[in-house]
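Letters go in sequence order (proteins before strands), and every chain restarts at 1. Since this is a predicted model, take the numbers as computed values, not measurements.
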Amino acid sequence: MNIVVCVKYVPDAQADRTFSQDNTTDRTNVDGLLSELDEYAVEEALKLAEAGEGEVTVVTVGPDGAAEAIKKALQMGADKGVHVLDDAIHGSDAPATSLVLAEAVKKAAGGSPELVLMGLASTDGTMSVVPAMLAERLGLPQITQLSSLEIADGKVTGRRDSDAASDTLEAPLPAVVSVTDQINEPRYPSFKGIMAAKKKPVETWSLADLGVDAGQVGLESAWTKVESFTARPPREQGEIVTDEGDGGTKLAEFLAKAKLI
Amino acid sequence: MTDIWLTPERVALRDAVTRFTKKHIAPQLSQWEDDGAIPRELHRTMAESGYLGVGFAEEVGGSGGDIIDVSIVAEAIIQAGGSSGLIACLFTHGIAIPHIVASGNTDLIDRYARPTLAGELIGSLGVTEPGGGSDVAAVRTRAVRDGDNYLVTGSKMFITSGVRSDFVTTLVRTGGDGHDGLSLLVIDKGLPGFSVSQPLRKMGWHCSDTAELTFDNTPVPASQLVGGEGEGFVAVMRQFVNERINLAVHGYAVAQRALDLATEYARTRETFGRPIIDRQAIRHKLVKMHRRVAESRALTRSVIERAAAGEEPIADACLAKNSAVEACDYVVDEAVQIFGGAGYLRESEVERHYRDSRILGIGGGTNEILDDLAAKLLGYSSGGKR
């Protein structure tokens, strides 16, 4: 089975993240990495490929540094990578990103892929909408937010857990599937994997290579824009309720004052 | 020119081991210190990720890489919240199986090296005896040929991972006095007459089990001989260079970690309305600690690079280890001082490094033995340079 995994290069969530002068995410002055939520998609793809015959291709859309996200996935064990790199993409929103990804996935898979895997969300945008948009653009069924996944008899089956219930969902292949951080434990790149990644092929494509009009993407075409931002206020120190036999009452009063009960 | 310590692959290796350590080691280390041992499962988890076998060829079950990569793994583990003691017990194979691998004995490699690098077996090295440590040629444990077996009698002391290990690569006397009479035997745990003491209680390295091993006419098949009879001393000595280099890495890496912890503490700890890092007395301490770390790391890394290039820098490995040990002793002491009372508490990491580091100037050749060896090799004796 040939699997395409879409991954994103994001600012390190542990670092101080901010915006650039044009109100897009600052990707220059902060360390970037493969979105941790995408590691679960890479791991699931590797497990599926290892269980049978197949190839895992990692696709990313992003600036120069995004090559690092591909490299990390290759070190984990993916077979090859595709980096869509074009200055015109800067500032693209989710619809534009899904447009570029759709063309990249088709080209990478030589037509229609058998399975497209994605993470639950990126750790910077955290919108969770690109998998659905990509499925729509590819004309494929989508199953999102799976915490288990099985491929059999030309179908993908999986479980989606929510607070209220767990649903079992299935779709015929090919399909677009997004997975949660409950589905597996992503492997660490082994030393052998790190060394082997050096020799794995990575192609870099422009919008022209994909036949995408630059006017359809980028900040100017975005449906949503960040108008302004302010830094998150520092966390205030919590209130310590000392239990002197009346702890329950004090706690209830605290919650009532905060209009939580 | 590309820094060979900062190639993309080595940066990735450091990053991967750092993440592994933060998840699988650092949160549990205090518990393992209390337990007096690390779990076997950690060996398997580490092997699955391919880090246990760094420095060993793929042909014998390793992951490839050289002594620079081995050093990067150790640096990353310590700087991500691991410890010297943790590495001592998790990577005991670094001293237990190199002789087996170097011998080229495919039977022993398949039965011991390969499963150990897969995390399935734990090995240890038995050289030191109750009657002597650094004087390796004085080993008294005797192996007498008896048909297809050797009958081994004697005892080994301060054996790292000796409680948990499945086999011991043991230096025994098969011949007469002196180093020519020494050989290496791989001795399986559980053989008749082979007994293991209770874990020895130590000042530091609490997560690393240490044992005294006793052999009483223990029959060991002659096929367990590593190399030939009389080749044990040279084999052990050859590996001592790597062991000393590895311990030097522990020294400067622990010192760096203690410096980082002390710096962070000094930034947040306030006295009289100011963080103590703004006090000249503390700043000067930190910068002296920084200098000691930088000096010992630079010297050690230069020796590592020569070893990676195929040299056998015996004298300079001695100097590097002693330099790193001195730096480590100085820095962990100052780190505890900066932490003050908090640094004297068991739950503080610098307290553990302070205790752990004391062994670094004793194990793998004491400071005094290494100074003496370096002096001889560098010509500081009436006999001149050898």
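- Of the listed residues Ser63(B), Gly50(B), Ala16(B), the one with more heavy-atom pairs under 4.5 angstrom with chain A than any other is Ser63(B).
- With Trp5(B) as the partner, the side-chain contact (heavy atoms from CB on, under 4.5 Å) test is satisfied by one option alone out of Arg297(B), Arg10(B), Arg301(B): Arg301(B).
- Interface summary for chain A: among Glu58(B), Arg19(B), Lys23(B), Glu48(B), the most heavy-atom pairs under 4.5 angstrom belong to Arg19(B).
- Using a 4.5 Å cut-off between heavy atoms, Phe20(B) touches chain A through backbone and side chain atoms alike.
- The aromatic rings of Phe339(B) and Tyr265(B) sit parallel, their planes meeting at an angle under 30°, below the 60° perpendicular limit.
- Electrostatic pairing of Arg274(B) and Asp278(B) does not count as a salt bridge here, judged by no charged N lying under 4.0 Å from a carboxylate O.
- Separation of the His43(B) and Phe91(B) ring centroids does not fall under the 6.0 Å cut-off.
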